[in-house]
Every structure is written in structure tokens, then in C-alpha cells.
Asks: 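My structure is below; once you've seen it, I'll send some questions.
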Amino acid sequence: QLQLVESGGGLVQPGGSLRLSCEASRFILENYVIGWFRQAKGKEREGVSCISRMGTGTAYAGSVKGRFAISRDNAKNIVYLQMNSLKPEDTAVYYCAAATTGRASIDVGQYAYWGQGTQVTVSS
């Protein structure tokens with residue numbers, strides 16, 4: 001079964017940057033659409049960004065568009081989420097997830113495989 005592991009989270013000041021990584025094992029990552037999601041304390045999980053199998057299509061939530069960038073390196077089985085100009089409102093546990101079919105989207109329901117999450121805290 002596909003396994004996903006997120007890394008790169010941590011504490012950062014407002015306006016700072018972090019790069020999250022999602023590494024896949026067992027399967028070739030290019031077979032999967034990959035999405036990034038986040039869940040703040042007391043809030044529902046929401047879509048952040050997604051990327052198509054070969055990286056030719058991407059989508060972003062309006063709240064992060066222009067600040068975050070998703071990319072993938074299929075040769076290394078890694079998907080990245082570069083996060084710039086971070087705000088306290090970005091504080092959440094960030095998850096990567098994989099889907100085998102469909103156009104890349106930030107709909108939680110599309111994704112069957114999930115990583116364990118990595119905490120991002122934006123605070124001064």
C-alpha cells in the first residue's frame with residue numbers, strides 16, 4: 001500500500017518561509033495526483049494545493065494563492081510545498097494525500113491515501 005511521509009514543518013515568524021516535503025514509498029509517485037491539506041485546531045480539514053501526475057496542472061486555495069507553490073520531483077518520489085509570506089492564520093497540521101484517478105483538485109474526498117501530517121506554527 002502507498003505510504004506518504006511529510007516533513008519540513010516547524011515554528012516560523014510571520015512573513016517567513018518553510019518548505020514541506022512529501023515522500024512516497026512502495027509505489028511510483030507519478031501514478032498519483034498529490035494534494036496538500038491542512039487542519040487548524042478546532043477547524044475542518046481544508047484543501048491547500050494539488051498537482052497532477054506529471055506536474056503540468058496545479059491548483060491553489062484562494063487563501064494561499066501567490067504565497068504557496070507546489071512542485072514535484074517524480075524521479076525522487078517527492079512533492080514539495082513551498083510556503084512564503086506565512087501568516088498566523090496558516091498555522092495548522094499539514095497533510096499530503098494521494099489519489100489514483102481524476103483531475104487534480106483540492107477536494108478532500110478525492111484522496112484515499114494520507115500521510116501522518118506535519119505541524120506548521122506561524123507566530124512571533
Side-chain angles (χ1 to χ4, degrees):
Q1 188 173 357
L2 177 66
Q3 295 179 333
L4 302 171
V5 179
E6 303 96 333
S7 62
L11 175 65
V12 64
Q13 293 184 332
S17 298
L18 286 173
R19 188 177 72 164
L20 305 184
S21 298
C22 174
E23 297 189 50
S25 63
R26 295 183 179 267
F27 293 88
I28 303 299
L29 191 61
E30 68 181 23
N31 292 332
Y32 300 89
V33 170
I34 301 296
W36 282 99
F37 301 82
R38 66 187 183 187
Q39 187 164 18
K41 184 168 58 179
K43 302 293 183 64
E44 294 183 352
R45 190 168 299 185
E46 64 173 344
V48 174
S49 185
C50 62
I51 189 165
S52 63
R53 292 173 179 83
M54 300 306 297
T56 55
T58 61
Y60 298 89
S63 59
V64 307
K65 195 169 187 177
R67 299 189 296 119
F68 291 11
I70 190 170
S71 62
R72 66 191 301 163
D73 185 342
N74 286 338
K76 296 181 179 179
N77 269 7
I78 299 175
V79 172
Y80 301 100
L81 183 68
Q82 178 67 45
M83 306 187 296
N84 300 319
S85 301
L86 284 162
K87 306 174 181 179
E89 303 93 279
D90 296 318
T91 296
V93 177
Y94 283 71
Y95 301 87
C96 68
T100 56
T101 61
R103 189 186 71 181
S105 77
I106 53 173
D107 181 1
V108 170
Q110 182 182 354
Y111 295 84
Y113 304 98
W114 294 81
Q116 84 288 349
T118 185
Q119 177 71 48
V120 172
T121 302
V122 184
S123 176
S124 59

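Excluded from the calculations below are hydrogen atoms, water molecules and symmetry mates; all remaining heavy atoms, backbone and side chain alike, are included.
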Asks: Give the minimum heavy-atom separation between Ser52 and Thr56, together with the two atoms involved.
Replies: OG-N, 3.1 Å
Asks: Working to the nearest 0.5 Å, report the span between CG of Asp90 and OG of Ser63.
Replies: 7.0 Å
Asks: Do Gln82 and Ser17 have side-chain heavy atoms sitting under 4.5 Å apart?
Replies: yes
Asks: Within the 4.5 Å heavy-atom criterion, are Tyr95 and Gln39 side-chain neighbours or not?
Replies: yes
Asks: In Å and rounded to the nearest 0.5 Å, what is the CZ to CD1 distance from Arg72 to Ile51?
Replies: 6.0 Å
Asks: Locate the shortest heavy-atom distance separating Ala98 from Leu2; write the atom from each residue and the value.
Replies: CB-CD2, 3.3 Å
Asks: Which pair of heavy atoms, one from Ser124 and one from Pro14, lies closest together, and at what distance?
Replies: N-CD, 3.7 Å
Asks: Same cluster or not: are Val120 and Val48 linked, directly or through other Ile, Leu, Val, Met, Phe, Trp or Tyr residues, by side-chain heavy atoms under 4.5 angstrom apart?
Replies: yes
Asks: Looking at Thr121, is its backbone amide N or carbonyl O close enough to the side chain of Thr91 to form a donor-acceptor pair, meaning the two atoms are under 3.5 Å apart?
Replies: no
Asks: In Å and rounded to the nearest 0.5 Å, what is the CZ to CZ distance from Arg45 to Arg38?
Replies: 13.0 Å
Asks: When Ser123 is tested against each of Leu86, Val12, Leu11 for side chain to side chain contact (heavy atoms under 4.5 Å, CB included), which residue passes?
Replies: Leu11
Asks: Quick one: pull up CG in Leu20 and CD1 in Ile70 and give me the separation to the nearest 0.5 Å.
Replies: 10.0 Å
Asks: Between atom CG of Leu4 and atom OG of Ser25, what is the distance when rounded to the nearest 0.5 Å?
Replies: 7.5 Å
Asks: If we ignore hydrogens and angles and just use 3.5 Å, is the side chain of Asn84 paired with the main-chain N or O of Gly15 as donor and acceptor?
Replies: no
Asks: Compute the ring centroids of Phe37 and Trp114, then answer whether they are less than 6.0 Å apart.
Replies: yes
Asks: Compare all side-chain heavy atoms of Gln116 with those of Val5 and state whether any distance is below 4.5 angstrom.
Replies: yes
Asks: Kindly indicate, with the supporting measurements, whether the criterion side-chain hydrogen bond (donor to acceptor under 3.5 Å, both in side chains) is fulfilled by Ser105 and Gln110.
Replies: CA-CA 8 Å; Ser105 77; Gln110 182 182 354; 2.3 Å; yes
Asks: Is there a side-chain contact between Arg67 and Tyr60 in this structure, where contact means two heavy atoms from C-beta onward sitting under 4.5 Å apart?
Replies: no
Asks: Which heavy atom in Ala40 sits nearest to a heavy atom in Ala92, and how many Å separate them?
Replies: N-CB, 3.7 Å
Asks: Going through the checks in order, is the side-chain contact (heavy atoms from CB on, under 4.5 Å) test met by Ser49 and Phe68?
Replies: CA-CA 8 Å; Ser49 185; Phe68 291 11; 5.9 Å; no
Asks: Below 4.5 Å, heavy atoms only, C-beta onward: do Val79 and Trp36 meet side chain to side chain?
Replies: yes
Asks: Would a single hydrophobic cluster contain both Val108 and Val93, if residues Ile, Leu, Val, Met, Phe, Trp and Tyr are joined by side-chain heavy-atom contacts under 4.5 Å?
Replies: yes
Asks: Report yes if the side chains of Leu81 and Arg19 come closer than 4.5 Å at any heavy-atom pair, otherwise no.
Replies: no
Asks: Check whether any side-chain heavy atom of Gln13 lies under 4.5 Å from a side-chain heavy atom of Val122, and answer yes or no.
Replies: no
Asks: To the nearest 0.5 Å, what is the distance between CD on Glu6 and CD on Gln119?
Replies: 12.0 Å
Asks: For Asn31 and Arg53, work out which heavy atoms get closest and say how close.
Replies: O-NE, 3.3 Å
Asks: Would you sort out whether Tyr111 and Ile34 count as a side-chain contact (heavy atoms from CB on, under 4.5 Å), showing the intermediate values?
Replies: CA-CA 8 Å; Tyr111 295 84; Ile34 301 296; 5.7 Å; no
